[in-house]
Amino acid sequence: MTHWIVLPIILPALVAPFIVLAARYHIGIQRVLSVAGVLALIAAACGLALQSADGTITLYQMGDWAAPFGIVLVGDRLSTMMVLLTAVLALFVLLYAIGSGWDDRGRHFHALFQFQLMGIMGAFLTGDLFNLFVFFEVLLIASYALMIHAGGNARLRAGVQYVLFNLIGSTLFLFALGSIYAETGTLNMADLAHRVALIGPEETVGIRVAAVLLLLVFAIKAAIVPLHFWLPSSYAEAPAPVAALFAIMTKVGAYAIIRVYTMIFPPELEVTAGLHDTWLLPAALVSLALGMVGVLAAKRLDRLVAFSVIGSMGMVMVSISLFTPAGIAAALYYIVHSTLAGATLFLISDLVRTGRADLKLTQQPTIAGNSLTAALFFVGAIAMAGLPPLSGFLGKLLVLDAAFDSNLVVWIWVIVLTSSLISILGFARAGSILFWKAHSVERGDDIEMMSPPATLSYVAVGGLVSLLVAHTVFAGQVHRYTSTMAAQLFAPEPYISTVLDTPGKLSKPKGDH
Amino acid sequence: MSLFIIVALPFLGALLPGLMNSAGRAATAGVTFAISLAAFVGLLTNLPTVLAGEVVMARVDWMPLLGLNFSLMLDGLGFFFALLILGIGLLIIAYARHYLSRDDNMGQFFTYLLLFQGAMVGIVLSNNILLLLVFWELTSLSSFLLIGYWKHLPEGRQGARMALTVTGMGGLAMIGGMLILGEIVGSYDLSVILQNRDAIQADPLYVPALLLILLGCFTKSAQFPFHFWLPHAMAAPTPVSAYLHSATMVKAGIFLMARMWPVLSGTPEWFTIIMTVGLITMVLGAVIALFKHDLKALLAFSTVSHLGLITMLLGTGTAFGAMAAVFHILNHATFKAALFMSAGIIDHEAHTRDIRRLGGLRKLMPVTFVIASLAALSMAGIPLLNGFLSKEMMLEEANHTVLFNSPWLVPALATFGSLFSAAYCFRLIGHVFFGPVRDDYPAKPHDPGSGLWLPPAILVVFVVLIGVAPFMAEPFVKLVTASLLGDAAEVPKAYFKIWHGLVPALYMSLIAVVGGLLMLLIFKPSLRLWDKAPRPEAKVIFEAIVEGVVRLARALILPLHNGAFTRYAAIGAVVFVVAGYHAWTTGTVGATTRTLQAVNFVSIAGWMMLVAATVGMVLMHRNRLLSLILIGIVGLMVSIGFVYFSAPDLAMTQFTVEVVTIILLLLALNFLPNTTPIESSILRRVRDAGVAVIGGLATFALSYHYILRDAVSAPISEFHVANSYKGGGGTNVVNVILVDFRGFDTYGEIIVLGIAALLIYALTESLLSGPVRARLLNRKPDQARAGDKHPMMMVVMTRVIMPVVLMVGFYIFLRGHNEPGGGFIAGLIVSIGVVMQYMASGFGWASARLRYPYHGVIGAGVLIAGLTGIGSWFVSKPFLTSDFTYVRIPPFEKFELATAALFDLGVFLAVVGAVMLSLESFSRLARLAQEPSDDEPMDIDPSRDDLPTSLASSEKEGV
């Protein structure tokens, strides 16, 4: 019996209370524990990813109860990759938080950070829909706590919107779970896949509404227009390292959509035909367009980045909503890119903030560390706008290529390419004002040049940038891997049989599906 | 040298100048030069293979599944362009070393330049059209940096953005074109695509692909109507202009048209589009150039004009046209780079580029005069210089080209363009170098050091050499032409010579030169005419469009995202309902499988109370205390509902949760006004009410639907009911589900609770360190305070019942596994017991007797729960596997020991800690706002003024 798969959840869930119990007044010890925890997390995530690289599906029955009666964790290629991505992102975000001193500007940053990681990891690993709800709650409450870390009026106000809207989402999640349980009598994903297929054509409304409600829940998490309203101000107002960590949170929504709508409600399923396969793609296109137009419209750098996250999620969702192996493979490649690029940009905007009165896109004197920060911004903007040579461009090519057989191919191409142009324009304007125009402003004698950001901050941003570069250089390998992931997702039989046929305490495999 | 190294050298080398910045200007320039030279030499090592007509290939897989591979090829055409890029690049680097001032960051400049150079070499050596796209956009990006190099100049920034936007737009269009092309052919490799002329031209997607690719080429090569970015890119330092606009960036579009010539040309679409655009660009550029006073602007528009000329030649679709195009590319690169550098010299020495402020430089700057004049005369098409030869070929080709069924249209326009071209060349020579020496130059002009004039001089040597002995260039040009044409056409037999006899082209040339001279004579009156003529200012239009787009974007986005939460929620609710409704109406409704239970008086009464409380809540929510009471009724009714449906655990939980929540809310209400002000208009309230009603009805309909139908197969709860005692050792199924079957959910939920408490704590901490602190300190209570804050009766009562409460909690905790109860409920009960102490005896008194900090209690609870789960690892079981046994310690009865109880202890502690920490945090706010809290458990405030003194004194004695 190996316990690898539960480590990503348990590890932060032990580190966090330990910090609260023993080290809540010692920021130094908290930092050491937190970084050590994340490093161990990366090691565990690497082990898991290696374990599932050959297509192995790892099952872990909580409490030794077999599915569907107990809760199971399932590690396949997709979930382990998301876990690894989260762990690696967490390390650089944490380093930045330490380097910039953000973690010491309020209470309990490290404990909450670890709890947040626990929630994200759990959401990726669980094979049970209700357990997913629990982890959504964990990550929601932890993210809200992190979001308002260090306080401030604007931040608290944005935090209220964030938590309220997401609580509406949680309520809807409960409605959806109730509906699904009423229809099928189970909450285990594999078992759901099995039972939904039993529903006949004479009685479809129940499962159709349930499928739609569930999709809406995930759409809120993934910030798909018009359910994205919670995102711009909360991401913009959140402390930069927190916003950077949030880059993975929208991906939780995308992950859940991929998981549920390839396995439980696959595109070829008749009883749910004409729903998500019809209108998710238009919504995703609108998200992409709205996000990138927002990049151009934004009057502040942090909001600009927040809108670019919406646009980037739109791109991911466009690719997902093709519901083809090529589309999902492209989406997964793009998810990694979008996470890294979004996080990088949020951290960079904080580097900019250290030298300016605010992040308004207005003329202000040059900031400390201008050229290095400018160079990093240039790279980050290239990545986000999807320009060569970074992975955004490659991801865009993959999406466009995958869209070739779609009915809406012209729409997809036109919106993807036009929105790229708009975002280029937006980023170019912002960068030019922040970094170039600043040279033509005289620094008043009374304004002190602030000290440049700490080296560790730059190391963290540089680390993320180098991950982006690696994602570009090894794009072939990564894309081949995401293609095998997509293949695994579109052939869920091994997943389902592993989950349902493994005996547990007091239960024998059903073997009747 | 491997093609990879040639392409990689500039990119890798780009790091060096930036790093060497502190080593001095000479070293920085030297290292840049060395890198370029290495790439140049590397290119030349491949010359023999190319001359032998072979194609050098190199390939590494990058994204094989997509078809994007790092595949390079070097044929005649690629070699030709790479030679221009690297060769002229070397001269530019040498020139820039002397051109840049000490204030300029030279390392940065050369880093950008090398990035640009690498991208250009990459374009011309790509054998994969997707890879070509990568390099294509890289040139846009690196040129953005180069053009905006002088960051402090607004023109530089605007020019850079304009160039990036226009060429970026073309690049994006090209992505589409290239993907279509690859989709038609089934491969993105150029070597494969170039073999599929027929398949491509027959495909219905040929026209869209052609249009998209041409859009890329035209924007890059500054063809009408995208020509406007190029003159504004002149804000860059002159070496950049010389490089980008003579040999490199703008030639990228031309290169791509040449590259695609074998498969895309020869169709009517190709011919008509490219001929028209090329002709317009050529004429327009030439006319505007004549009237520009800025030397670089004049050269910029002349570049536009010449690019139009080359485009037009490629558009003819004939082999001769293609050969003329190749030859003119070579010639234009030499004389135009020399001219730009000369303009830079003049700017550098005279501190102005305004032709109107110059004149008479012939005597002051003789070397520059010779260089610039030879280059300009070549551009004007004067015999014995290379420009004459290719212009002659162009006119010859124009003479045979029929556009829009008119045999004279192309020749006439070509001659017209050449005439203006000659005119601006003559103006450049005449107005800058001839005329009297003036005494009002901004600086005293003199010839620069050799570092500045040698690079253009080298180019002028080629101008003259090719002009005098064209046969020397002929084999090379024909080699390049052959590789351009591929299998599509034969290389024409025509010889390169100065004298072709009295052919029409010669007459046209003559007209152009003589006409050009005449134009110069009537320059002043025609300038006045030009200045009066209304003409669109491209930059103004562009900026207006961009600003318009930005304003539109803001008008769309900002009002929609202004933070109005009710609107966000309303949109959300409407979306939920509409999406659900759509799913409902497109599905099928089957027969019901269950019947409704009979209703009795009790359930109706409960239901009525619930509804009444809710309606009252909606109507009276502005009175906050009242609404809290109504919430309490709702909660209570829900608890009773649980009892009614035989779920005592849930009822107990709900009930205790209600109590705790109400207490916490009361504490919070203390800081809020008693009533909520009306902020929204009646219309909006009606709208909101409508949305709410619709949402509620939809929820009702859905619940009603599910209530009447069974699940598709037996629900998993049947297993739980059947196995709770056998597998979990408990007869209370709810508790066994909570701590065993689905203990992992509970584990997550207690963490949620713990986080919530930490959150409340952190929130109050940050509030107390902000401006809120001052507000609290100055807060005046809006109502009279109670005289006895801690009534004696209550104090005594709470203390007496405290042990009882603890006992009940303990009992509930223990019985949980078999009867309603458990750690969660017990935790809440104990919390209520402690809360009562706080309420009755005051915070100061209670917390002074506190031994365990609540943070620690939460932490310990979560840790215990987690460690209990891990405990099962030691018996090789998964996380949270429970076990139980029955023990008997005399004289007690036999009782059960379950590991789940340990887990439940964690739950218990986490709940107690979370509730108490929240309470403590709230009360910290309260203590700040009121007078310092009292340390005594019971008190009566003697200062209370509405009491008679006698009473007050007697009470005092009584205490």
Side-chain angles (χ1 to χ4, degrees), chain A residues 1 6 13-14 17 20-21 24 61-64 68-71 106-108 115 134 137-138 141-142 145 151 161 182 184-186 195 198-199 202-205 208-209 212 226 229 232 274-275 293-294 296-297 387-389 400 413 417 420-421 424 428 432 436 439-440 475-476 479 505-506, chain B residues 62-63 65 134 137-138 151-152 157 161 164-165 168-169 172 176 179 553-554 557 561 565 568 571 576 579-580 583-584 586-590 706 711-712 715-716 719 723 727 741 743-745 748 751-752 755-756 758-759 762 765-766 770 855-856 859 862-863 866 873 876-881:
Chain A
M1 176 108 253
V6 76
L14 292 178
V20 174
L21 185 64
R24 64 180 175 279
Q61 296 169 327
M62 282 293 165
D64 208 20
F69 312 113
I71 295 164
R107 295 304 179 92
H108 288 314
F115 277 135
V134 172
E137 291 304 287
V138 173
I141 194 82
Q161 294 198 355
T184 62
T186 188
R195 291 193 189 192
L198 299 178
I199 294 175
E202 69 284 350
E203 166 72 63
T204 60
V205 283
R208 286 171 76 81
V209 175
V212 163
F229 288 104
L275 298 176
V293 171
L296 187 62
L387 284 175
L400 292 176
W413 281 31
L417 294 175
S420 291
L421 180 67
I424 292 171
S432 156
W436 285 358
H439 283 281
S440 51
H479 180 231
K505 205 195 261 187
L506 297 183
Chain B
W62 190 7
M63 298 186 77
L65 292 180
V134 171
E137 295 283 47
L138 272 180
K151 308 167 177 63
H152 52 281
R157 298 194 297 265
R161 285 212 306 273
L164 180 70
T165 310
M169 177 181 75
L172 290 168
L179 284 174
R554 292 204 164 139
I557 298 291
H561 297 82
F565 183 76
Y568 297 175
I571 292 175
F576 302 154
W584 178 280
T586 50
T588 53
V589 187
Y706 290 126
V712 66
I716 52 172
F719 176 90
N723 290 294
F741 289 123
F744 196 53
D745 280 341
I751 286 177
V752 171
I755 300 171
L758 295 183
L759 157 74
E765 281 295 300
S766 65
H855 295 270
V862 175
L863 263 183
W873 290 359
S876 291
K877 287 288 179 188
F879 190 72
L880 277 180
T881 305

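Each chain gets a letter, A, B and so on, in the order the sequences are listed, and its residues count up from 1.
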Chain B contact via [X] - side chain, backbone, both or neither, heavy atoms under 4.5 Å:
X	value
A:Pro226	both
A:His108	side chain
A:Glu202	backbone
A:Val205	both

Greatest number of heavy atom pairs closer than 4.5 Å to chain A - which of [options]:
options	result
B:Thr586, B:Thr165, B:Ile571	B:Thr586
B:Val134, B:Ile557, B:Asp745, B:Leu138	B:Asp745
B:Leu880, B:Val752, B:Asn723	B:Val752
B:Phe719, B:Trp584, B:Phe576	B:Phe719

Can you see which heavy atom on [X] is nearest to which on [Y], and at what distance?
X	Y	result
B:His855	A:Val20	O-CG1, 3.2 Å
A:Ser432	B:Arg161	OG-NH1, 2.9 Å
B:Val862	A:Pro17	CG1-CG, 3.6 Å
A:Lys505	B:Gly727	NZ-O, 3.7 Å
A:Thr184	B:Ala711	C-CB, 3.6 Å
B:Ala553	A:Val293	CB-CG1, 3.5 Å

Counting only non-hydrogen atoms closer than 4.5 Å, does [X] touch chain A with its backbone (N, CA, C, O), its side chain (CB onward), both, or neither?
X	value
B:Arg157	both
B:Ser766	side chain
B:Leu172	both
B:Ile751	side chain

Rounded to the nearest 0.5 Å, how far does [atom2] of [Y] lie from [atom1] of [X]?
X	Y	atom1	atom2	result
B:Leu759	A:Arg107	CG	CZ	14.5 Å
A:Ser420	B:Met169	OG	CE	13.5 Å
B:Leu164	A:Leu387	CG	CG	7.0 Å
A:Asp64	B:Lys877	CG	NZ	4.0 Å

In the structure I gave you, are the side-chain heavy atoms of A:Val6 and B:Trp873 within less than 4.5 Å of one another anywhere?
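In short, these two side chains touch, coming nearer than 4.5 Å.
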
Would you say that A:Trp413 contacts B:Leu179 through its side chain, given a criterion of any heavy-atom pair below 4.5 Å between the two side chains?
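Yes - at least one pair of side-chain heavy atoms lies under 4.5 Å apart.
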
Geometric class of the B:His561/A:Phe229 ring pair [parallel <30°, tilted 30-60°, perpendicular >60°]
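A:Phe229 vs B:His561 ring planes: tilted.
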
Identify which of A:Ile199, A:Val212, A:Leu21, A:Leu417 forms the greatest number of heavy-atom pairs closer than 4.5 Å to chain B.
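Of the candidates given, the most pairs with chain B belong to A:Leu417.
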
Among the listed options A:Gly151, A:Gly294, A:Pro232, A:Ala475, the residue most often paired with chain B at heavy-atom distances under 4.5 Å
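Winner by heavy-atom pair count: A:Ala475.
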
Would you find a donor on one side and an acceptor on the other, under 3.5 Å apart, between the side chain of B:Arg554 and the backbone of A:Ala297?
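Between the backbone of A:Ala297 and the side chain of B:Arg554 there is a qualifying donor-acceptor contact (under 3.5 Å).
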
Short question: side chain of A:Thr204, backbone of B:Thr588 - any donor-acceptor pair under 3.5 Å?
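Yes, the answer is positive, given that a donor and an acceptor are paired below the 3.5 Å cut-off.
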
